[in-house]
Amino acid sequence: MKKIGILTFHRANNYGALLQTYALKRFLKSIVLKVFIINYLCDAIENYYKLFPKSLLKFNIKNLIRIIKRFLFLPLIVYFNFKFKKFKEVYLIDTLPFTCNSISSIENKYDIFITGSDQVFNPQLTGFDKNYFLDFVKDKNKCFSYAASFGLSYESLTEQEKMFINQNLQNFKYLSLREKQGMDIVNKLSNIKSEVHIDPTLLLNKQDWSKISKIPKETEFVLVYLMNNNKKIMKYADELAKNKKLKIKIITLKFRELINKNTFMPSPQEWLGYFLKAKYIVTNSFHGLCFSINFNKQFFVDFVPTNKRNSRFKNLLELTNLGERLIDNIGTDYDKPIDWSNVNKIIEQEREKSLNYLKSIAL
């Protein structure tokens with residue numbers, strides 16, 4: 001039986017990053033029992049989630065204000081990080097920590113290495129870290145990806161980024177990508193075979209996710225999940241809640257927004273519970289969109305089509321024929337029915353496609 005090591009953004013304090021890591025591991029374990037999340041400490045990712053990242057060390061008034069705010073919210077930050085830490089310890093962290101200097105020591109411990117999902121191929125996020133391209137593995141027949149994302153378009157890449165990606169794509173035997181946009185980059189920069197697969201969170205069904213979720217006591221509410229503050233979405237959600245005479249619950253990753261009594265920061269398990277229980281969901285998060293679809297919820301989504309990182313929204317909405325769920329398209333038709341039987345059929349077909357791919361490299 002092959003032993004598989006997964007390299008991804010499992011240390012990020014972000015719901016989507018942690019849940020996609022859990023999903024890929026869980027799905028692979030249904031095929032192969034020996035699946036491990038490699039506890040890799042990427043310098044750029046570690047710095048981003050520090051209480052005081054390097055970007056704050058340069059003295060100016062703006063940074064001083066940010067530092068003061070972090071001190072003011074310190075108890076909340078510590079409590080929030082504890083929730084994420086517990087989830088990682090229980091479900092994700094399988095090995096001792098490895099750094100860029102020590103990760104090469106594990107090459108012979110695994111028969112297969114898989115990098116992905118998330119934006120593991122985005123040099124702007126990883127600080128040009130070659131290890132997410134499995135550069136530390138000498139035997140390239142052991143190197144694969146699953147639903148890996150660049151988070152960028154070919155046109156937006158700098159010459160330095162193109163050169164870096166071109167050199168490192170050669171490390172792989174086969175590539176699985178999350179967006180068609182990613183396949184375009186691969187085709188223009190290499191001759192490596194690739195195909196597009198769904199985000200790992202969609203590999204598990206509603207029943208699978210309910211097993212680790214914590215269901216809230218609240219009933220009949222509008223759930224709002226924002227990756228960034230958005231007055232347009234909040235106005236839409238407020239009008240929806242008022243029209244339906246429902247309470248509104250707002251999940252945020254911004255501590256300064258917790259002054260709103262309806263805003264909170266749940267654990268990953270609680271996050272799942274709120275998505276399972278919501279009557280309506282309004283979001284501008286990609287993983288918010290994934291779970292809304294997966295749980296067959298009446299949802300409304302908003303994103304900026306011109307944003308270079310938003311092709312993932314467009315791809316998923318096109319795949320499931322749900323483009324009408326954009327706020328600008330659906331307007332106030334809050335109860336417009338969705339053909340969930342057709343959507344679920346499409347997702348199931350994509351799961352089967354992913355299963356076949358993962359079986360082909362894992363067995």
Side-chain angles (χ1 to χ4, degrees), residues 15-16 19-20 23-24 26-27 116-119 146-151 153 176-184 194-210 222-227 233 236-237 240 271-272 274-307 309-331 333-358:
Y15 298 109
L19 294 175
Q20 65 86 15
L24 182 56
R26 169 79 184 274
F27 193 75
S117 174
D118 231 323
Q119 296 180 45
Y146 179 78
S149 174
F150 293 91
S153 65
S176 161
L177 305 163
R178 194 175 64 186
E179 293 96 22
K180 294 177 183 177
Q181 190 180 52
M183 185 180 284
D184 179 53
S194 65
E195 57 185 291
V196 176
H197 293 110
I198 53 175
D199 186 83
T201 58
L202 293 168
L203 294 176
L204 304 185
N205 60 33
K206 184 176 180 180
Q207 184 178 2
D208 294 325
W209 285 115
S210 66
V222 174
L223 179 65
V224 180
Y225 177 49
L226 304 180
M227 288 305 294
I233 278 196
Y236 185 87
L240 167 61
W271 189 94
L272 288 167
Y274 274 95
F275 269 78
L276 282 166
K277 202 71 177 289
K279 181 76 173 177
Y280 300 91
I281 297 173
V282 185
T283 187
N284 64 358
S285 154
F286 172 69
H287 283 108
L289 172 62
C290 287
F291 280 94
S292 297
I293 292 173
N294 210 356
F295 294 169
N296 290 188
K297 294 294 179 177
Q298 280 290 107
F299 74 92
F300 312 93
V301 66
D302 183 62
F303 65 94
V304 181
T306 54
N307 187 307
R309 294 184 180 180
N310 281 345
S311 63
R312 52 188 179 169
F313 286 89
K314 184 180 178 182
N315 286 179
L316 182 54
L317 289 172
E318 287 180 348
L319 173 69
T320 52
N321 301 311
L322 290 173
E324 64 181 14
R325 306 307 296 188
L326 284 165
I327 285 173
D328 290 338
N329 292 345
I330 200 165
D333 192 359
Y334 302 128
D335 294 307
K336 186 172 184 178
I338 298 173
D339 184 358
W340 286 118
S341 61
N342 184 56
V343 172
N344 294 338
K345 182 179 178 182
I346 292 169
I347 296 298
E348 195 54 49
Q349 289 171 345
E350 290 299 316
R351 284 190 188 121
E352 190 67 24
K353 177 183 172 184
S354 295
L355 176 64
N356 291 335
Y357 167 72
L358 291 169

Tyr357 ring center near His197 ring center (under 6.0 Å):
yes
Could you go through Lys345 and Glu348, starting from their C-alpha distance and side-chain angles, then the distance that decides it, and tell me whether this counts as salt bridge (charged side-chain N to carboxylate O under 4.0 Å, His left out)?
CA-CA 5 Å; Lys345 182 179 178 182; Glu348 195 54 49; over 6 Å; no
Aromatic contact between Tyr236 and Phe300, with the criterion being ring centroids under 6.0 Å apart: yes or no?
yes
Closest non-hydrogen contact found for Ala23 with Leu204 is CA-CD1, 3.8 Å
Check for me whether the distance between the ring centres of Trp271 and Phe291 falls short of 6.0 Å.
yes
Excluding sequence neighbours, so at least two apart, what forms salt bridge (charged side-chain N to carboxylate O under 4.0 Å, His left out) with Asp335?
Lys244
Where do Ile281 and Ser292 come nearest, in terms of heavy atoms and distance?
CG2-OG, 3.4 Å
What is the minimum heavy-atom distance between Lys277 and Lys297, and which atoms define it?
C-NZ, 4.0 Å
Side chain of Asp199, backbone of Arg178: donor and acceptor closer than 3.5 Å?
no
Could I get the full list of ring pair (Phe, Tyr, Trp, His ring centres under 6.0 Å) partners for Phe27, not counting sequence neighbours?
none
Set of salt bridge (charged side-chain N to carboxylate O under 4.0 Å, His left out) partners for Glu324, sequence neighbours left out
Lys336
Thr320 versus Val343, closest heavy-atom pair with distance
O-CG2, 3.8 Å
Looking only at heavy atoms, which two atoms of Tyr225 and Gly288 are closest? And how far apart?
CD2-CA, 4.1 Å
Tightest non-hydrogen contact, residues Leu24 and Gly116, listed as CD2-O, 3.5 Å
State yes or no: are the ring centers of Phe313 and Phe303 separated by less than 6.0 Å?
yes
Without swapping roles, check the side chain of Asn356 against the backbone of Lys353 for a donor-acceptor pair under 3.5 Å.
no
Under 3.5 Å: donor-acceptor pair, side chain of Gln20, backbone of Ser117:
yes
Please confirm whether the backbone N or O of Leu276 pairs with a side-chain atom of Trp209, one donor and one acceptor, at under 3.5 Å?
no
